[in-house]
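Numbers here simply count residues along the sequence, with the first being 1.
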Amino acid sequence: MGLTHTGSETAALLERLLAHESSDSDQMDRLVALTMRDRLSRSLLGLKGHQGRMHIRRRWEVFRQTFPMWFKRVVSVAGLPVDVGLSSGQCWLIYMPLAEYLIERAGRRNGRLVAGVTGTPGCGKSTLSAILAAMVDEIAGPGGIQATVCSMDGFHYTNEYLAHTQMKLPDGREVSMMTRK
């Protein structure tokens with residue numbers, strides 16, 4: 001998925017801001033303005049006016065502290081470790097708005113929310129879910145909303161197929177797919 005012109009400009013600005021320990025107010029104002037124009041952030045979070053600008057400034061503080069560990073991270077996908085690398089633009093423009101949206105919605109529902117991710121086999125549903133769950137936990141912080149991924153990987157096969165089909169675990173052991181279900 002390619003970034004729009006505004007998305008590309010935002011990603012370049014994020015890289016400049018991350019490269020410097022302190023951010024000048026003109027660059028921060030530009031980041032706020034670009035993010036307020038971003039369709040995903042605006043539609044998910046309803047960013048408007050002063051409240052929207054304050055939200056973006058709070059997002060920047062979380063982003064600045066947590067992004068270095070998101071640049072390269074291992075998440076669990078279907079019980080297996082997967083190396084994930086996010087660019088600053090992907091993190092800011094895609095994953096953070098989705099995580100913030102899930103946190104906000106769960107907060108409205110006494111901390112409980114079930115969100116489904118659908119798509120064709122192998123398109124990255126489990127990886128997206130694992131990244132979002134880890135990001136929700138990171139943004140919400142200790143004592144905040146916690147996310148859990150309930151993977152459906154392998155559930156579309158019959159039990160007979162799963163019982164008779166072997167898979168290799170990262171430690172080299174071979175087990176039936178049924179044990180993963």
Side-chain angles (χ1 to χ4, degrees), residues 1-3 7 10-11 14-15 18 38 40-41 43-45 55 58-181:
M1 173 168 72
L3 293 175
T10 303
L14 285 166
E15 294 300 325
L18 285 169
D38 178 63
L40 182 64
S41 291
S43 65
L44 286 178
L45 305 169
H55 177 86
R58 282 191 305 274
R59 182 195 291 180
W60 168 251
E61 289 307 315
V62 170
F63 179 81
R64 191 171 56 103
Q65 293 170 12
T66 61
F67 179 72
M69 71 183 163
W70 280 104
F71 180 67
K72 195 78 168 149
R73 186 168 181 150
V74 176
V75 295
S76 176
V77 177
L80 303 172
V82 173
D83 288 327
V84 174
L86 298 178
S87 71
S88 59
Q90 289 171 317
C91 189
W92 181 267
L93 294 166
I94 299 166
Y95 290 97
M96 283 188 84
L98 289 170
E100 291 168 339
Y101 176 78
L102 293 173
I103 292 167
E104 189 270 330
R105 289 295 172 151
R108 285 191 201 173
R109 292 174 173 81
N110 298 321
R112 293 192 178 267
L113 176 70
V114 175
V117 178
T118 65
T120 60
C123 70
K125 300 176 298 292
S126 295
T127 304
L128 170 92
S129 299
I131 293 168
L132 277 176
M135 196 167 282
V136 163
D137 291 346
E138 191 66 43
I139 292 171
I145 302 293
Q146 292 182 332
T148 301
V149 176
C150 300
S151 176
M152 298 294 287
D153 292 327
F155 278 64
H156 59 285
Y157 293 118
T158 65
N159 285 344
E160 181 180 10
Y161 174 84
L162 294 173
H164 292 88
T165 304
Q166 298 291 306
M167 68 178 287
K168 190 176 257 187
L169 296 177
D171 64 8
R173 290 181 298 136
E174 287 208 17
V175 297
S176 76
M177 287 181 73
M178 188 66 169
T179 61
R180 300 305 301 160
K181 182 176 176 181

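Looking at V84 and V74, their side chains never come closer than 4.5 Å, going by heavy atoms from C-beta outward. The closest side-chain heavy-atom distance from F63 to S88 is below 4.5 Å. Taking 4.5 Å as the limit, every side-chain heavy atom of V82 sits out of range of all side-chain heavy atoms of S76. Using a 4.5 Å cut-off on side-chain heavy atoms (C-beta onward), L132 and Y101 make no contact. Using a 4.5 Å heavy-atom cutoff, the side chains of Q166 and S176 are in contact. Inter-residue side-chain proximity for E100 and R59 is flagged as met; some heavy-atom pair is nearer than 4.5 Å. Put simply, the side chain of Y161 does not reach to within 4.5 Å of the side chain of M178, judged on heavy atoms. Between I94 and L98, the closest side-chain pair of non-hydrogen atoms falls below 4.5 Å.
The OG1 atom of T120 lies 6.0 Å from the NZ atom of K125; values are rounded to the nearest 0.5 Å. Taking CD1 of I145 as the reference point, atom CD of E104 lies at 10.5 Å (rounded to 0.5 Å). L86 CG to M96 CE: the interatomic distance, rounded to the nearest 0.5 Å, is 11.5 Å. Here the OG1 atom belonging to T179 is positioned 7.5 Å from the CE atom belonging to M167, to the nearest 0.5 angstrom. Between the CG atom of N159 and the NE2 atom of H164 there is a distance of 11.5 Å, given to the nearest 0.5 Å.
Within 6.0 Å of the CD atom in E160, the count of heavy atoms belonging to other residues, nucleotides or ligands does not exceed 12. Around the CD atom of Q146, the shell of radius 6.0 Å holds no more than 12 heavy atoms that belong to other residues, nucleotides or ligands.
Of all heavy-atom pairs between C91 and M135, the closest is SG-CE, 3.6 Å. When all heavy atoms of S129 and V149 are compared, the pair lying nearest together is O-CG2, 3.5 Å.
Look at R64 and E61 and you find a salt bridge, because one of the NZ, NE, NH1 or NH2 atoms lies within 4.0 Å of a carboxylate O, short of that distance.
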**Message:** Apply side-chain contact (heavy atoms from CB on, under 4.5 Å) to residues L93 and T10 and explain how you reach the verdict.
**Reply:** CA-CA 8 Å; L93 294 166; T10 303; 4.0 Å; yes
